[in-house]
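Keep in mind that the numbers below use all heavy atoms, side chains included, and drop hydrogens, waters and symmetry copies. The structure presented is a predicted model; accordingly, all values stated were derived computationally and were not measured. Sequence lines set the chain letters: A, B, ... in the order given, protein chains first and strands last, and positions in each chain run from 1.
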Number of protein chains: 2
Amino acid sequence: MPGPAPLSAVTGLPVVAMVGGGQLARMTHQAAVALGQSLRVLSAGPDESAAQVTGDVRIGAHDDLAALLDLAEGATVVTFDHEHVPTDHLHALERAGHRVAPGPAALVHAQDKLVLREALAAAGEPQPAWARVSTVHGVTAFADEVGWPVVLKTPRGGYDGKGVFVVHGPDEVADLLERHGVLLAEERVGMVRELSAQVARSPFGQVAVWPVVETVQRDGVCAEVIAPAPDLAEERAALAQELAVRIADRLGVVGMLAVELFETADGVLVNELAMRPHNSGHWTIEGSRTSQFEQHLRAVLDYPLGSTAMTVPVAVMANVLGGAASEPEWTGPGLDERIHHLMAHWPDVKLHWYGKAQRPGRKLGHLTALGDDLAEVRARAVAAARYLADGVVDPAFAFAEEH
Amino acid sequence: MPGPAPLSAVTGLPVVAMVGGGQLARMTHQAAVALGQSLRVLSAGPDESAAQVTGDVRIGAHDDLAALLDLAEGATVVTFDHEHVPTDHLHALERAGHRVAPGPAALVHAQDKLVLREALAAAGEPQPAWARVSTVHGVTAFADEVGWPVVLKTPRGGYDGKGVFVVHGPDEVADLLERHGVLLAEERVGMVRELSAQVARSPFGQVAVWPVVETVQRDGVCAEVIAPAPDLAEERAALAQELAVRIADRLGVVGMLAVELFETADGVLVNELAMRPHNSGHWTIEGSRTSQFEQHLRAVLDYPLGSTAMTVPVAVMANVLGGAASEPEWTGPGLDERIHHLMAHWPDVKLHWYGKAQRPGRKLGHLTALGDDLAEVRARAVAAARYLADGVVDPAFAFAEEH
């Protein structure tokens with residue numbers, strides 16, 4: 001076991017080190033500042049999203065053990081803005097006396113979809129029919145049970161729809177197996193929609209749960225998050241929350257856990273897990289008394305958790321993915337000018353811009369709209385995001401050029 | 001006039017440079033991160049509040065012109081977390097082609113109380129009776145009109161009750177005049193309480209106004225801020241807001257303006273001005289749709305201003321001043337442990353800790369409580385702040401040791 005947790009000599013407060021310099025680390029840093037801290041980040045380069053905004057930046061790779069050990073030195077705890085650190089390195093950090101949260105035994109369930117499927121099966125939790133496949137025969141045998149198409153997933157490394165393949169017959173399978181070796185095969189679930197249940201758990205065992213949200217995907221990427229999930233039966237919401245708490249407890253999660261769910265006619269099935277702040281929780285910055293970023297810090301530090309009460313009846317988050325305005329041939333208003341127009345037109349929509357270079361398809365930022373009326377709040381968030389991404393003015397929100 | 005405003009080559013967005021590395025810069029940085037920016041700060045040392053948490057830190061003095069010019073180079077605009085930059089240096093920055101917000105002609109009214117009194121007199125705005133005094137005779141002549149005691153203030157450099165002297169007769173005056181030369185003499189106002197009216201103003205001339213708040217002082221230092229000011233007549237609140245807007249317009253303020261007011265039986269009188277985010281506006285981080293820190297950035301960048309709607313019926317901010325727990329002989333729970341207990345007991349009180357070394361009397365952080373019921377919200381904020389500052393558990397909030 002590690003000794004007493006190191007604290008900053010300047011502030012007398014913890015130093016949290018985060019592996020990864022993306023927008024999740026960036027927003028975690030904002031939360032750390034309020035808690036008297038400053039996030040230390042391991043970033044692949046100085047221009048990454050979090051590296052731009054925090055003082056203690058270590059440039060290095062998340063799979064370089066020396067860089068990880070340097071990051072951990074003097075930090076109270078090491079945590080993550082992604083799942084890509086090799087498990088062996090996490091064990092090595094622990095052996096060197098560093099606190100790692102979530103620990104490797106928990107985190108592997110967010111890293112490896114096959115490990116997750118096995119754990120959920122052992123626990124009897126609801127999930128799609130699945131099989132571990134390494135041969136075409138294996139896939140066709142599975143398809144004989146669940147029918148085509150079958151969803152094939154790389155066990156590790158996938159995100160935002162990458163590493164996910166919908167195959168409609170055996171002849172689409174061989175290439176994938178040759179490229180990836182072992183795959184996870186899943187039934188294609190006849191789902192109504194996708195939900196996300198987020199909880200935080202501390203080493204002490206305290207758990208805090210947010211309202212279940214609906215996540216709206218476009219092309220496999222999260223486009224919108226609606227909190228709370230509209231028209232979700234109270235009983236089903238409670239079941240989803242209890243499921244998330246059970247998983248957090250059973251796996252020994254420390255920090256944030258997002259349980260991504262398929263909602264079907266009959267209930268919910270676990271799709272996958274993230275053990276960090278997650279896109280489905282960005283709405284909590286304004287929409288909940290405690291944001292997922294602050295809560296992640298509280299949890300990994302074993303601070304008591306904050307209130308998850310919503311601050312408004314409805315919060316809708318819309319991602320801004322690089323669109324027409326990120327194309328090289330774009331001749332419309334530049335980013336700074338678009339932000340001017342956005343602010344003029346929607347003075348109560350909250351902007352979170354990640355400071356990245358604009359590229360088509362890239363998650364560049366997000367917007368949160370808040371209010372009472374779901375349809376109105378959602379239309380506002382989506383129109384604002386579309387304007388920022390594509391420079392397209394929704395006719396319902398047409399506005400004069402203010403400048 | 002300056003040429004086109006420089007933007008960051010990495011992000012395509014503005015770079016705001018702030019003179020001063022205190023908590024106001026620290027919290028402005030948090031707001032800048034959401035807008036895709038990172039605050040550049042000029043800090044007296046690397047351990048100052050803002051210097052700990054942002055990447056682009058220049059170490060230097062606010063009265064060193066070379067340091068100011070270096071700070072301004074490549075920045076879109078230069079702004080301030082205090083009023084202490086010499087006016088000549090501000091003019092020099094402008095002459096070198098840099099944008100300065102607020103500009104020197106406006107800022108001098110927050111720097112020099114005599115200049116403010118003259119400007120308000122010329123504008124016919126309500127203020128205490130006052131006189132410019134440099135002799136004992138001048139003070140006694142003024143006291144003949146308004147009665148003793150008289151309040152003497154140093155025109156420049158005072159804050160948090162420093163540079164303010166209540167004198168009860170002529171024999172207390174000579175020493176002060178010898179030490180300070182010219183002073184501002186003011187009647188001691190028979191006030192009911194102190195209020196603050198905050199507005200933001202952009203170069204375009206847009207103005208945004210928050211609800212008028214009550215500021216509760218202890219020993220000349222702000223202890224609590226209650227938003228909105230309880231039982232303030234609607235008409236009087238509107239008059240105070242209009243007064244703040246008129247002052248912002250007339251002086252050409254760019255950025256945040258706090259108009260500190262004395263409320264008397266008959267109305268309001270202007271006490272002094274701050275042209276930057278101000279302690280009386282910290283409640284806006286959670287209590288308003290747009291915080292004063294985001295609004296200051298929007299204003300100095302000539303972005304359209306954000307909504308100032310309150311997010312809750314009542315917000316109370318309590319400052320945490322270094323108290324018993326900051327004394328060298330303190331043997332109770334350390335800061336990190338006190339934060340644990342604070343979070344356990346008040347899971348919905350929001351902490352803002354400035355990362356400073358603890359010293360008695362120093363502003364170390366603040367807490368914000370939110371809700372519907374004024375008495376309950378206020379009791380919660382004050383008890384939480386008292387626990388953090390003094391380690392004293394209010395009997396009304398007695399709690400078991402959770403750890």
Can you tell if the side chain of Asp336(B) reaches within under 4.5 Å of the side chain of Tyr303(A), non-hydrogen atoms only? yes
pair Leu335(B)-Leu13(A): side-chain heavy atoms closer than 4.5 Å: yes
Roughly how far apart are Gln358(B) CD and Thr11(A) OG1, rounded to 0.5 Å? 9.5 Å
Is the backbone N or O of Gln52(B) less than 3.5 Å from a side-chain atom of Ser38(A), with the two atoms forming a donor-acceptor pair by type? yes
Applying salt bridge (charged side-chain N to carboxylate O under 4.0 Å, His left out) as the test, list every pair that has at least one member in residues 283-296 of chain A; sequence neighbours left out. Glu294(A)-Arg298(A), Glu294(A)-Lys350(B)
Heavy-atom pair count under 4.5 Å with chain A, highest-scoring of Val349(B), Val53(B), Asp348(B): Val53(B)
For residues 39-51 of chain B, give me every residue with a non-hydrogen atom less than 4.5 Å from any non-hydrogen atom of chain A. Asp47(B)
His282(B): ring pair (Phe, Tyr, Trp, His ring centres under 6.0 Å) partners, not counting sequence neighbours: Phe293(B), His366(B)
Give the member of Leu7(A), Leu35(A), Val10(A) that has the highest number of heavy-atom pairs under 4.5 Å with chain B. Val10(A)
His352(A) side chain to Val33(B) main-chain N or O, any donor-acceptor pair under 3.5 Å? no
Testing the basics here: between His340(B) and Pro304(A), what is the closest heavy-atom pair and its distance to 0.1 Å? O-CG, 3.2 Å
Pick one of side chain, backbone, both or neither for Ile285(A), based on which atoms fall under 4.5 Å of a heavy atom in chain B. neither
Relative to chain B, which segment of Val312(A) carries a heavy atom at a distance below 4.5 Å: side chain, backbone, both, or neither? side chain
My understanding is that only residues two or more places apart in sequence, or in another chain, count here; which of them pass side-chain contact (heavy atoms from CB on, under 4.5 Å) with Arg362(A)? Lys356(A), Ala357(A), Arg359(A), Leu364(A)
Between Arg26(A) and Gln37(B), what is the shortest heavy-atom contact and its length? NH2-O, 3.4 Å
Looking at chain B, which one of Ala34(A), Gly12(A), Ala32(A) has the largest number of heavy-atom pairs inside 4.5 Å, strictly under? Ala34(A)
